[in-house]
Amino acid sequence: MAEPLPAELLAMAGTQPSPGRRGARARANGVLKAALWVLLILQSAWAVEGAMRGLWGLALIDSGCALGAALLLAVPRLGFRARAHLTGALFFIINWATLMFVEGVLTAHAAANHLWFIGLAVAAVLVLADEHRSVVAGYVVVCLLSFLVVEFGVVRFEPIAPVPAEFHATATNVVWCLYFATVVALMAAFLREVDGVEHQLADDAAAMERILGYMLPQKISERLRREGKTFADGYLECSVMFADLVGFDDLSRHLPASEIVLRLNEIFSAFDDLCTRAGIEKIKTIGDAYMVAAGIPDPRPDHARALARLALEFQEVTKHHAGIALRIGIHSGPVVAGVIGKKRFIYDLWGDTVNVASRMKSHGVAGQIQLSEATFQRLGADFVCQPRGEVAIKGHRPMHTYMLLGLREEVHDSAHPT
């Protein structure tokens, strides 16, 4: 059964939001709903007050606005973006309707209703943080232009439905109190948003750290971040192993694509786990071939022995998959290792040691582990090997090779069962 991808990879790929992004959207949604509830309560109160005073024009405007706020709160299927844009439009219409029908531009400074345009611009920046910058900039420009039009009296006209002076004075006091309360609320929301962004950046940085850990050895990813450029280093002693699945191509011709990927993922995932436990670096996969190296990026004196044990464990994995055999080749020597390129970074190896290890695999035998003499000389007495003789290697003179049969204790036990 295929294992799910890590959550960090899914989040960065856009299939699911990161915790920081979910938190930012939740905060924006909370600000939006709070604004709608304030609008619903305030406009309902003004509508009742207007009706009681016989100011039917004011009552009609406020009732329509309260109804709009109630609908935006009540519609369950309305997405966040649609609700945010409709709420902004509603606030904008309310303000201009109040200025034109009740206050009039000539007397607007008394009630300062045009200050709400500034609050609307700030709210747009906070609530629509995930929108494209041009959309948010459009809101801010329109709101600021509306404020300036009223502030400098660019358009002048008397109120269409004026209210009595005593009511106007009460409304002015209420508007100023609400405006300052809104400024405080927006400042608090802004500070929460800054705190949320800081947490989001920390979450994204941690996620990126873990993603690099899936792609590169930890030591290499830390160096790449620290130096900010690609690099390569020489290693005098390491062992390189190539393993490919013999028979997999024939098997794949009779299987659906999903089954092919599932089987390959199952085998390679088991190889990944073995590499992790052994402290050996997986370098890459190439089709149905798997490449690993021991002794890089952290040198280790037992690199050949560690890789030989890993090869034997790889064989055990493929024994459980009928119709598939593993052909393995190992060679030891110097390599150049590093990260190069501008994108899709991978940690890779270069040099004759890599080429010979690949030839050990391609000139090997299905179900067997072929070693170069350089690797054989580094194994010691713990392993049982059988000479194969000289093998013609492309680009080299014939090389003496050996077949790794197993660990000496295990081979002895199988030959002399109790």
Side-chain angles (χ1 to χ4, degrees), residues 5-6 8-9 12-13 208-245 248 264-265 267-300 302-304 306-308 310-311 314 326-364 369-372 374-375 378 393-396:
L5 290 173
E8 294 87 358
L9 293 177
M12 296 299 289
M208 185 61 69
E209 186 94 11
R210 289 188 288 271
I211 290 171
L212 282 175
Y214 295 123
M215 299 169 59
L216 302 170
Q218 181 178 357
K219 181 178 178 180
I220 300 303
S221 66
E222 290 175 354
R223 181 176 173 184
L224 186 63
R225 290 193 308 276
R226 183 175 64 252
E227 297 183 4
K229 60 182 180 180
T230 56
F231 56 86
D233 298 309
Y235 295 86
L236 295 177
E237 276 288 323
C238 77
S239 292
V240 180
M241 179 177 82
F242 284 88
D244 71 350
L245 302 174
F248 190 80
L264 196 61
N265 180 69
I267 295 172
F268 282 1
S269 293
F271 289 175
D272 289 347
D273 292 338
L274 291 173
C275 288
T276 300
R277 286 200 292 269
I280 294 175
E281 289 298 334
K282 169 188 175 181
I283 304 301
K284 60 184 175 181
T285 59
I286 311 165
D288 59 0
Y290 194 96
M291 178 184 177
V292 296
I296 54 98
D298 295 313
R300 55 186 297 177
D302 65 337
H303 54 85
L307 208 53
L310 184 67
F314 275 19
L326 197 62
R327 179 172 56 196
I328 297 176
I330 305 176
H331 180 53
S332 303
V335 300
V336 173
V339 179
I340 63 173
K342 292 185 177 180
K343 59 182 181 179
R344 296 194 181 117
F345 294 131
I346 64 168
Y347 186 61
D348 210 349
L349 309 181
W350 303 271
D352 190 61
T353 299
V354 178
N355 296 332
V356 173
S358 178
R359 298 289 185 264
M360 288 293 106
K361 181 264 298 179
S362 59
H363 291 77
I369 303 169
Q370 181 167 239
L371 311 175
S372 68
T375 301
R378 290 169 170 82
I393 301 296
K394 183 179 179 181
H396 287 265

Task: Heavy-atom closest pair, residues Ile328 and Ala311 - done: CD1-O, 3.7 Å
Task: Nearest heavy atoms of Ala357 and Val240, plus distance in Å - done: CB-O, 3.5 Å
Open item on the list: Just verifying a value: how many Å separate Ile330 CD1 and Gln370 CD, rounded to the nearest 0.5 Å?
Closed with: 10.5 Å
- [ ] Determine whether the side chains of Asp352 and His396 contain a donor N or O and an acceptor N or O closer than 3.5 Å.
- [x] yes
TODO: For Arg359, check side chain to side chain donor-acceptor pair (under 3.5 Å) against everything at least two apart and list the hits.
DONE: none
Open item on the list: I want to check something: taking the side chain as every heavy atom from C-beta on, are Met360 and Ile393 in contact at a cut-off of under 4.5 Å?
Closed with: yes
- [ ] List the atom of Ala293, the atom of Ile280, and the distance in Å for their closest heavy-atom pair.
- [x] O-CG2, 3.2 Å
Task: Distance-only polar pair, side chains of Glu237 and His303, donor-acceptor under 3.5 Å - done: yes
Open item on the list: Is there a side-chain contact between Tyr347 and Ile296 in this structure, where contact means two heavy atoms from C-beta onward sitting under 4.5 Å apart?
Closed with: yes
- [ ] Identify the heavy atoms of His331 and Ala374 that sit nearest to each other, and give their distance.
- [x] CE1-CB, 3.7 Å
Task: Distance-minimising heavy-atom pair for Phe242 and Ser358 - done: CD1-N, 3.4 Å
Open item on the list: Go through it in stages, so that I can follow the logic: the residues are Ile369 and Met241, the test is side-chain contact (heavy atoms from CB on, under 4.5 Å), and I'd like the CA-CA distance, side-chain angles, deciding distance and then a yes or no.
Closed with: CA-CA 10 Å; Ile369 303 169; Met241 179 177 82; over 6 Å; no
Open item on the list: Any heavy-atom pair between the side chains of Leu264 and Leu245 that's under 4.5 Å?
Closed with: yes
Open item on the list: What I'd like to find out is whether the side chain of Phe271 reaches to under 4.5 Å of the side chain of Ile267, using heavy atoms alone.
Closed with: yes
Open item on the list: Holding to side chain to side chain donor-acceptor pair (under 3.5 Å), I want the full list of residues that pass it with Ser332, two or more places apart in sequence or in another chain.
Closed with: Ser239, Thr375
- [ ] Provide the closest heavy-atom pair for Gly287 versus Phe268 in the form atom of the first, atom of the second, distance.
- [x] O-CE2, 3.8 Å
Open item on the list: Tell me every residue that passes side chain to side chain donor-acceptor pair (under 3.5 Å) with Asp272, counting only those two or more places apart in sequence or in another chain.
Closed with: Lys282, Tyr290
- [ ] Could you grab the distance from atom CG of Leu349 to atom CG of Asn355, nearest 0.5 Å is fine?
- [x] 11.0 Å
